[in-house]
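These numbers come from a predicted model, not from an experiment. Every chain is numbered from 1, with letters handed out A, B, ... down the list of sequences.
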Amino acid sequence: MILTQEQQAILDGSKGEVMAKVMKTLVMYGEAFGAEKLVPITSDYNHLVTSFGLKVMSPVYDLMQTILDAGVVSGQKFSVDPRPLDKKVPANFLQNLIFNKFMYTKQDFYEDQLKKLGLMNKDAFTCTCYMDEVGNKPKKGDVLSWAESSAVVYANSVLGAKCNRNSGIIDIMGSIVGFVPYFGLLTDEGRKATWIVKVQTEKKPEAQLLGSAIGMKVMEDVPYVVGLDKWIGTELNDSACAYLKDFGAATASNGAVGLYHIENLTPEAVELGEKLIAEGAKEYIIDDAELERVQKNYPVIWKKPDAAPKLCFIGCPHLSLQQLKDWTDNIESELKRKGNVKVSVPTVLTAAPKVLEAFEKTSYYARLRATGVIISYICPLMYMNNPLCKKMPVITCSNKLRTYTTAKFYKEAEILSIITDGGKK
Amino acid sequence: MKQFKGRVVTPGTVTAEAVVTKSGFNTLASFQNALQFGDKEVKCGDQNNTDLYGKSLLNKALCLPQTIGSTTGGLVLYCACALKKNPACMLFSQPIDSLAAAGAVLADVWVDGVTMPVIDSLGEEFLNYVKDGMTVTVKEDGIVEVG
C-alpha cells in the first residue's frame, strides 16, 4: 500500500503509539485485499455496530478505553446499533436477572464511552440510522466507514454510498484516522454484479424471504436483480425503501451481501443498467416454488416445534414510520375482522427512538396501543441472545433474527394471522 | 499427506485437528453463546451450519470457505482471541472476507500472547480434501499440510 506522507508519519508514530496501531490495523486490513491506498471518508456521520455492554465483550471496551485514554477520538460523530434492553419488552424475573446481573453489566459503562467517543445524541441508537427522522443519511457517492450489515447494504444499494462490510472496531478506527482502505465495494469493479437474479414469482415475494434466498445463493457477491420492479415499482418511495431495507438485511445476514442492484430502481442500476453486470455472471432464477423450498429448509430448533408462541418481534431491522402505520392498520383491521380486540401473542414492534417519537405524534400511536402491541427501541437480537430465550417460542418475520436466534420465521401475513387469532396457534 | 499453498493473512505455525465447514461460517452465530456463557469447549452455536453445529472450535484448525453474517463478526473473533477461546488457525479455501480479515488483523495488532495463523486462497481442492479429525499443519509461507 502506498501511503501519503501524512499517513506514513502516523504509522511511524508521529501522533503517538495508539494512533500508530490504529493506522497499522487499517493498513493490514487493506493489504489483505490488495488495497493500494487509503481514501478519505466523506460522510457527515459514522455508524457503529457495537451498542451493547456485554460483559463477555470486555476486550472491546478495554480497547475503546485505550483509544479514549490516548485522546485519539474521531472528529466525526456517529450513530450506533440499538440498545439491548428496554423495560417495556416483556421479560420474566429470571430473564431480568440474567440481563442486568450477568449479561449487560457493562451497558452504562459502555454508553458513557460512546458519549466520549462522539455519539450523535442520546437517541442515536438504531440499526436504521438512515431514516430521515434519525438524520444519518449519506449522500450518493459518499465514502463511509460504517459497520452493521443491514445499514451497509442499504447505504450502498439504496443510497448509492460506498462502504465495505466493515467489522465493528474497524468502523471507528477508519473514522479516527479519517481514511479507509480502497478496495471491494469502494471500487467501480467491486460494485459490478457477478450474479443475475431473475425474479419470476406469480405474486409479490416476501422481502425477507427473497433476501434470504439470494443471500444464501450468492454469499458475498453482488447480485443484479431483474423482475422485482414489477412488484415494488420503479420509484424509491417509502414503500420501496422499506421493502429494500428488509430485503437487504436478509441478504446480508443469510449471506454476506454488501451491495445489490435492482433493475430500474436502485440508483446505480437506473444510471448504468446492464453495464453493471460483470462478464461471466452466474444466473439464479427465483420462482414461488424456490421461495417455498427456502422457507421449508429453515431449521426449527424449538424444544416443542408446535409450541404456542409466547412472544413476537416485528422490526429487525427497525421499522420505518410508514411500516409502523401499516402494521397498525393491518393489526387493527384483522382483529376487527376476527371479532377480537387485542393481540393474543405479546407482540413487540421495534423502531428507532426518533421514529417512535414521530409515531407517537400521530393518531396511529393510540390505535396501535389499543391493540395491546408494545413499541420499543430495543434490538430484538440482543434481547434473545441468552439461554432462556433458547427455550422460548418466539416468532418473527425477520430473517436476520431467525438466523441468529431460535426465533421461528413466518411471513408477515402469517404473523398477522397468528397474533390476531384470539389465542389459537 | 497432501500439501496446499495459500496466502498468509496473519503469520504463524501450528498443528491442530481439523473441523470443516463447506458453507459460510457465521462468526456471530457460531461464537456468541459459547463466549457469553463460558462454554469451555467453545461449541459452534450456528443452527444453520449443519457441518459445525455443536462441534468444538477451540484450538481446532477451522477450515472454511469464508465467513458470513453480522458485521460484529470481526470483533467477535477479536474477543475470542483476547479471551483465548479461538481456533488454532483459520484456513480459507477462498480469498478472505472483510469481517474475518478484520478479526484476524485486530487480534494480530492488539492482542498480546495469542497467535492464530490465518491463511486464505487455499482452493476448492483443499476444502474437498480436508475432513473432520484430520491433522493439519500450518507452515511458514502459507503452506498447509493435511494428513
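Options A:Glu148, A:Glu31, A:Lys24 differ in how many heavy-atom pairs under 4.5 Å they form with chain B, and the most are formed by A:Glu148. Per-residue heavy-atom pair counts under 4.5 Å with chain A were compared for B:Val118, B:Val111, B:Asp97, and the maximum is reached by B:Asp97. In terms of heavy-atom pairs under 4.5 angstrom with chain B, the leader among A:Met216, A:Lys55, A:Glu220 is A:Glu220. When A:Thr406, A:Asn164, A:Asn254, A:Thr403 are compared by the number of non-hydrogen pairs under 4.5 Å with chain B, A:Thr403 comes out ahead. Top candidate by heavy-atom pairs under 4.5 Å with chain A, chosen from B:Asp46, B:Leu83, B:Val9, is B:Leu83. Note on A:Ser253, A:Gly255, A:Gly215: by heavy-atom pairs under 4.5 Å with chain B, the leading option is A:Gly255. Between chain A and the residues B:Asn48, B:Thr67, B:Thr50, B:Leu77, the most heavy-atom pairs under 4.5 angstrom are made by B:Asn48. Counting heavy-atom pairs closer than 4.5 Å to chain A, the top residue among B:Ala102, B:Ser23, B:Gly38, B:Gly74 is B:Ala102.
Open room surrounds CD on A:Glu17; 12 or fewer heavy atoms of other groups in view lie less than 6.0 Å from it. Counting non-hydrogen atoms of neighbouring residues, nucleotides and ligands closer than 6.0 angstrom, the NZ atom of A:Lys391 reaches no more than 12 such neighbours. For B:Lys139, the NZ atom is loosely surrounded, since the number of other residues' heavy atoms within 6.0 Å does not exceed 12. The number of heavy-atom neighbours closer than 6.0 Å to CD of A:Gln65, taken from other residues, nucleotides and ligands shown, is above 12.
Within the 4.5 Å cutoff, side-chain heavy atoms of A:Phe52 are placed close to those of B:Thr72. The closest side-chain heavy-atom distance from B:Val76 to A:Met57 is below 4.5 Å. Contact check for A:Val56 versus B:Cys79: no side-chain heavy atoms found under the 4.5 Å cut-off. Side-chain contact between A:Met173 and B:Leu106 is present, with at least one heavy-atom pair separated by less than 4.5 Å. A:Leu63 has its side chain out of reach of B:Leu75: every pair of non-hydrogen atoms, C-beta onward, lies at least 4.5 Å apart. At a threshold of 4.5 Å between non-hydrogen side-chain atoms, the residues B:Pro95 and A:Phe33 do not count as touching.
No part of A:Val153 comes within reach of chain B, as not one of its non-hydrogen atoms sits under 4.5 angstrom from that chain. Proximity to chain B is limited to the backbone of A:Thr405, based on heavy atoms less than 4.5 angstrom apart. For chain B, the nearby parts of A:Val22 are the backbone and the side chain; heavy atoms of each come within less than 4.5 Å. Looking at A:Asn166, the atoms closer than 4.5 Å to chain B (heavy atoms on both sides) all sit in the backbone: N, CA, C or O. A:Ala147 touches chain B through backbone and side chain together, each having a heavy atom under 4.5 Å away.
Heavy-atom proximity under 4.5 angstrom to chain A picks out B:Gly24, B:Asn26, B:Leu28, B:Ala29, B:Gln32, B:Asn33, B:Leu35, B:Gln36, B:Phe37 from residues 24-37 of chain B.
Separation of atoms CG (A:Asp81) and OG1 (B:Thr71) is listed at 7.0 Å; rounding is to 0.5 Å. Rounded to the nearest 0.5 angstrom, A:Ile170 CD1 and B:Ser98 OG are separated by 9.5 Å.
Residue pairs meeting the side-chain hydrogen bond (donor to acceptor under 3.5 Å, both in side chains) criterion with at least one member in residues 102-123 of chain B, sequence neighbours excluded, are A:Thr25-B:Trp110, B:Arg7-B:Asp120.
Shown here for B:Gly73 and A:Ser167, the closest heavy-atom pair between the two residues is C-OG, 4.3 Å.
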